There are 2 protein chains.
Amino acid sequence: MASSVPSPLRSIGTLATATGVKVPTIRFYEQIGLLAPPPRTASGRRLYDDAALRRLSFIRHARQLGFDLDAIRSLLDLSDHPDRPCGEANAIAERHLSDVTEKIAQLQALRTELSRMSAECAGGRVSACKVIEVLHDHDLCAAEDHRASTVADFRA
Amino acid sequence: MASSVPSPLRSIGTLATATGVKVPTIRFYEQIGLLAPPPRTASGRRLYDDAALRRLSFIRHARQLGFDLDAIRSLLDLSDHPDRPCGEANAIAERHLSDVTEKIAQLQALRTELSRMSAECAGGRVSACKVIEVLHDHDLCAAEDHRASTVADFRA
DNA sequence: TATGCATCCTCTAGCCGCTAGAGGATCAAG
DNA sequence: CTTGATCCTCTAGCGGCTAGAGGATGCATA
C-alpha cells in the first residue's frame, strides 16, 4: 500500500521557490517548531520531501488567509488527524473571521475620519490646516472604545 | 504678551490618566525622542506642563487614527511651524488614507474567503472538513498579488 | 583542474509599538 | 512610623519575520 518510490528531495532554495516562502522564513518555521527538522546531506544541507512541501504550502495558504502561527499550529495538528471531528478547525476559522470583520469595521471608521480630514484641508498654511487641527482637537468622535486599544495597527 | 501664570505641573501618572496614554508608553515616547525630556523634581520625578499635555494628546489622537510614529513625528514638526504650507501634512494624511483603503480591500477579500470556508464546513470529520481542505488546496484564488506579502497582519 | 559565483550554513540583531517585570527609591495619608 | 501607591531605571519579550556577518559547499565553465 505504501509507495515504493521515495519522493524527490529538494534543497531549501528549491522548496522556497516552489512554495513562495522565503528561505530564512523556512528556517524560522523550523526553529519555532512549525516545521520538523528535515534530514540533511553529509555536508549539512537540508533536504525536503513532498510531505514537507505540502506542509509548507499549507502554512503559506493559512498565512495568506491571515491566520497567526498559533492558529496554524492547531490547524496543522488537526490536519494530521483526519479522523477527529472538525469542530475545532471551524471554530478557529470563525474566530478569525470575526476578528477580520471587526478589523474591517474599525478601518472603515478610520477611513471616514481620514477622508473627512483631508477633504477639508484647503492647502494654505499649517495654522489653518484641518489635518493638524483635527489632531489637536479630536476627541475620538464616537468615542466608544476607551479600552486602551490603538485602533489600527498595520504594516503591510 | 506671554502668560504670567505658569501652567500647572503634573506627574507622569496624572498625565497618563489625563491623556489616556499609559505611563510606560509616555516614557517610551520620551526615549525615542517623540516627547522632550521634561524637567524633574529634586528626587528625579518627571513634571509635565500644559504644553506637554497638548503634545501627548496630539500624539494619542494621531495614533488612534492609525498614523505610525514616524508620520506623527513629521506632523508634530509641522504643527510646531504654523507658518509653513500644509501640503506635507495633507500628503501624509492622504498616503495614510490610501494605505487604509488598500488594507480594507485586502481584508474584505479575506473575509469573503473565510466566510465561504466556514459556511461550507458541515461539521463532520477533519477528513471532510472544507476549512482544512481549502488550506491544502487553496492557491490564492484571484492570485493577483504574488509579491511575497502576507495579506493580513493584524493584532488588534 | 582552477575559478568563480550561487547557494547553503549558523548566529546575532533589528523592525514596530509597545508591554511586563525586576529591583529599588520616594511620597502622601493615617 | 508604617503602609501602599507611585515613581525611577533597566532589561527582555511579543509576532512574524528580515538583514547581515562570516564562513563552508556545490556546480558550471574555461
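What you see is a predicted model; the values in this text were computed from it and never measured. Numbers restart at 1 for each chain; the letters A, B, ... are given by sequence-line order, proteins then strands.
- One atom, CD of B/Gln64, and another, C1' of C/dG17, lie 15 Å apart when rounded to the nearest Å.
- Proximity of A/Lys22 to the phosphate of D/dT18: a side-chain N or O atom is located under 4.0 Å from OP1 or OP2.
- Between A/Ser11 and C/dC8 there is a side-chain N or O to OP1 or OP2 distance below 4.0 Å.
- As judged by a 4.0 angstrom heavy-atom cut-off over every strand, A/Asp68 is placed among residues touching the sugar-phosphate backbone only.
- The interatomic distance linking A/Ile26 (CD1) with D/dC17 (P) rounds to 12 Å, in whole Å.
- Salt bridge B/Lys130/B/Glu133: present, at least one basic N to carboxylate O contact under 4.0 Å.
- Salt-bridge annotation for A/Glu113 and A/Arg116: present, with a side-chain N of the basic residue lying under 4.0 Å from a carboxylate O of the acidic one.
- Taking the nucleotide of DNA chain C with the nearest heavy atom to each of A/Val23 and B/Pro24, the more 5' of the two is matched to A/Val23.
- Taking atom CZ of B/Arg27 as the reference point, atom P of D/dC7 lies 8 Å away to the nearest angstrom.
- In this structure, B/Gln31 atom CD and C/dC18 atom P are separated by 13 Å, rounded to whole Å.
- Within 4.0 Å (heavy atoms only), A/Ile32 reaches no atom of the nucleic acid at all.
- Checked against C/dC18, D/dC17, D/dC7, the side chain of B/Phe28 finds its nearest nucleotide in C/dC18.
- Rounded to a whole Å, the CG atom of A/Leu69 is 15 Å from the C1' atom of D/dT18.
- When rounded to the nearest whole Å, the span between CZ of B/Arg63 and P of C/dT19 equals 10 Å.
- Listed by residue number, the members of residues 43-52 of chain A with any heavy atom below 4.0 angstrom from DNA chain D are A/Ser43, A/Arg45.
- A/Tyr48 has its side chain out of reach of A/Thr19: every pair of non-hydrogen atoms, C-beta onward, lies at least 4.5 Å apart.
- Atom NE2 of B/His136 and atom CD1 of B/Ile132 lie 6.5 Å apart (nearest 0.5 Å).
- Atom CD in B/Glu30 sits about 9 Å away from atom P in D/dC8, given to the nearest Å.
- Here B/Tyr29 does not reach the OP1 or OP2 of C/dG17: none of its side-chain N or O atoms lies under 4.0 Å away.
- Atom pair B/Arg40:CZ and D/dC7:C1' shows a separation of 10 Å (rounding to whole Å applied).
- Close to C/dT19, at under 4.0 Å from its OP1 or OP2, lies a side-chain N or O of B/Thr25.
- To the nearest 0.5 Å, atoms CD (A/Glu30) and CG (A/Leu56) are separated by 11.5 Å.
- A salt bridge does not link B/Asp49 to B/Arg54: none of the charged nitrogens lies less than 4.0 Å from a carboxylate oxygen.
- The side-chain heavy atoms of A/Ile12 and A/Arg45, taken from C-beta on, include no pair separated by under 4.5 Å.
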